[in-house]
Amino acid sequence: MMPELPSVELFRRHVEDTSLHQPVARVDVMDEYILDETTPEQLEDALTGRCFNDTRRHGKYLFISAGGPWLAMHFGMTGRPVYLHGGDETPEHTRLLISFANNRRLAFDCPRRLGHIALTTGMAAFIQRKNLGPDAGSITWEQFQRRFQPRRGMLKPALMDQHAVAGVGNIIADEIVFQTGLHPEATIDRLDSAMLHDVYRTMRGILQTAVSRRIAREALPGSYLAVHRNEGEPCPRCGTSLQRIRVSGRSSYVCPRCQEKP
DNA sequence: CGTGGCTCCTGGCGGC
DNA sequence: TGCCGCCAGGAGCCAC
């Protein structure tokens with residue numbers, strides 16, 4: 001349910017725990033559409049015979065090292081990596097299938113085809129080319145302040161701007177503004193430094209909680225807005241009916257009482 | 001620079 | 001049952 005950076009971190013751990021140190025026997029691209037600036041031939045040449053040996057995450061991107069070349073995976077709204085044992089059936093919407101010499105496979109399952117996979121020689125260069133901001137899970141207050149202080153637009157779209165900070169999506173952005181007691185349409189230039197720091201601190205706390213809860217397979221705290229993301233459901237803080245509004249083209253759930261419209 | 005609107009894509013759901 | 005519009009955890013592009 002809680003997606004975005006926490007899901008990708010979970011995906012990373014899944015790949016890290018299952019897919020390293022096994023020679024790649026073959027690479028099947030079922031759907032070229034999801035390839036980003038690469039071809040099935042290039043992927044096959046780069047990976048066949050090699051072993052994955054490291055995984056990293058930056059924002060919503062998962063990087064998998066093949067000891068030289070790196071895969072960069074983005075999961076769109078519905079993608080996920082799935083490690084399969086011998087008899088396991090490949091997921092219905094597998095777009096890329098990497099088969100290992102030990103008869104196991106790593107599938108890139110992506111029903112809506114909004115995810116993509118790139119091949120790169122290095123993470124840093126890739127991040128720079130995509131102009132991604134610092135990872136939301138490790139950005140420092142100084143970095144955050146430097147990037148957000150000068151902005152003039154609305155808070156929520158800024159939090160979701162991957163060029164500003166990488167990893168926050170629609171649900172977490174809603175959660176951040178809710179827990180900070182701000183409206184998603186609050187403008188950044190009207191926040192004082194203490195309030196901006198509160199946004200930063202809240203963001204870090206939510207990401208940490210979401211990652212640790214998902215790994216422990218526990219639910220998010222009931223005090224979280226994300227748990228009550230339905231129009232008309234009571235606000236977990238004050239009981240007022242939640243509203244669904246549209247902010248910069250995306251659905252936002254807000255408590256009209258706790259989050260005063262600017 | 002910021003924003004609104006459009007695009008890409010597929011699947012699920014509710015309404016008629 | 002079928003069809004239709006709307007919705008969904010993402011993001012790029014373009015016009016203003």
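In the text below, chain A, chain B and the rest are named by the order of the sequence lines, each starting its count at 1.
- Side-chain to base pairing of A:Ser248 with B:dG4: no donor and acceptor N or O lie closer than 3.5 Å to each other.
- Note: CD (A:Glu175) to P (C:dG9) measures 14 Å, nearest angstrom.
- The distance between atom CD1 of A:Ile172 and atom P of C:dG10, rounded to the nearest whole Å, is 9 Å.
- As rounded to whole Å, 17 Å separates atom C1' of C:dG9 from atom CG of A:Leu62.
- At the heavy-atom level, A:Tyr33 lies under 4.0 Å from the strands shown only through sugar-phosphate atoms.
- Between the side chains of A:Arg112 and A:Thr78, no donor-acceptor pair is found at a separation under 3.5 Å.
- Where A:Tyr61 and A:Arg112 meet DNA chain C, the nucleotide closest to each residue was compared, and A:Arg112 sits on the side nearer the 5' end.
- With hydrogens and angles left out, the side chain of A:Arg113 and the base of B:dC9 share no donor-acceptor pair within 3.5 Å.
- Counting only heavy atoms from C-beta outward, the side chains of A:Thr202 and A:Glu175 never approach each other to under 4.5 Å.
- Here C:dG9 presents its C1' atom at 14 Å from CG of A:Leu10, a figure rounded to the nearest Å.
- Comparing atom distances between the A:Met154 side chain and each of B:dC8, B:dG4, C:dC7 picks out B:dG4 as nearest.
- Remark: P of C:dA8 and CD1 of A:Ile171 are 10 Å apart, rounded to the nearest angstrom.
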#### Entry: From CA spacing to verdict: ring-ring contact (aromatic ring centres under 6.0 Å, His included), A:Phe126, A:Tyr61
CA-CA 10 Å; A:Phe126 183 87; A:Tyr61 279 91; 5.2 Å; yes

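- Considering only side-chain atoms of A:Arg246, the nucleotide from C:dC7, B:dC8, C:dG9 that sits closest is C:dC7.
- Note that the CD1 atom of A:Ile188 and the CG atom of A:Leu196 stand 7.5 Å from one another [nearest 0.5 Å].
- Nucleotide C:dG9 holds its P atom 18 Å from the OH atom of A:Tyr224, rounded to whole Å.
- Note: CG (A:Asn131) to P (B:dC1) measures 11 Å, nearest angstrom.
- Across all strands shown, B:dC9 remains unpaired; no Watson-Crick or G-U wobble contact has both distances below 3.5 Å.
- Nucleotide C:dG9 is matched to nothing when pairs are restricted to Watson-Crick or G-U wobble geometry with both distances under 3.5 angstrom.
- Out of B:dG11, C:dG9, C:dA8, the shortest distance to the side chain of A:His93 is found at B:dG11.
- For the pair A:Arg237 and A:Phe178, the distance from NZ or CZ to the six-membered ring centre is under 6.0 Å and the angle to the ring normal is within 45 degrees.
- Using a 4.0 Å heavy-atom criterion, one finds that A:Gly76 contacts the sugar-phosphate atoms exclusively.
- Heavy atoms of A:Arg80 sit nowhere under 4.0 angstrom from any nucleic acid atom.
- With C1' as the reference atom, C:dG9 and B:dT3 are 22 Å apart, rounded to whole Å.
- Residue A:Gln162 places none of its side-chain N or O atoms closer than 4.0 Å to OP1 or OP2 of C:dG10.
- Residue contacts for A:Ser251: at a heavy-atom cut-off of 4.0 Å it reaches the sugar-phosphate backbone alone, with no base atom in range.
- Comparing the P positions of C:dG5 and B:dC6 gives a spacing of 16 Å, expressed to the nearest Å.
- In this structure, A:Arg250 does not reach the B:dG4 phosphate: none of its side-chain N or O atoms is under 4.0 Å from OP1 or OP2.
- Each of A:Lys130 and A:Phe11 has a nearest nucleotide on DNA chain C; the 5'-most of these lies closest to A:Phe11.
- Taking 4.0 angstrom as the limit, A:Lys60 places a side-chain polar atom (N or O) nearer than this to OP1 or OP2 of C:dA11.
- Across the C1' atoms, C:dG10 and B:dC1 are found 22 Å apart, a figure rounded to whole Å.
- In terms of modelled atom types and a separation under 3.5 Å, the side chain of A:Gln162 and the main chain of A:Gly167 share a donor-acceptor contact.
- One atom, CG of A:Asn170, and another, C1' of C:dG10, lie 10 Å apart when rounded to the nearest Å.
- With a 4.5 Å cut-off on side-chain heavy atoms, A:Val24 and A:Phe100 count as touching.
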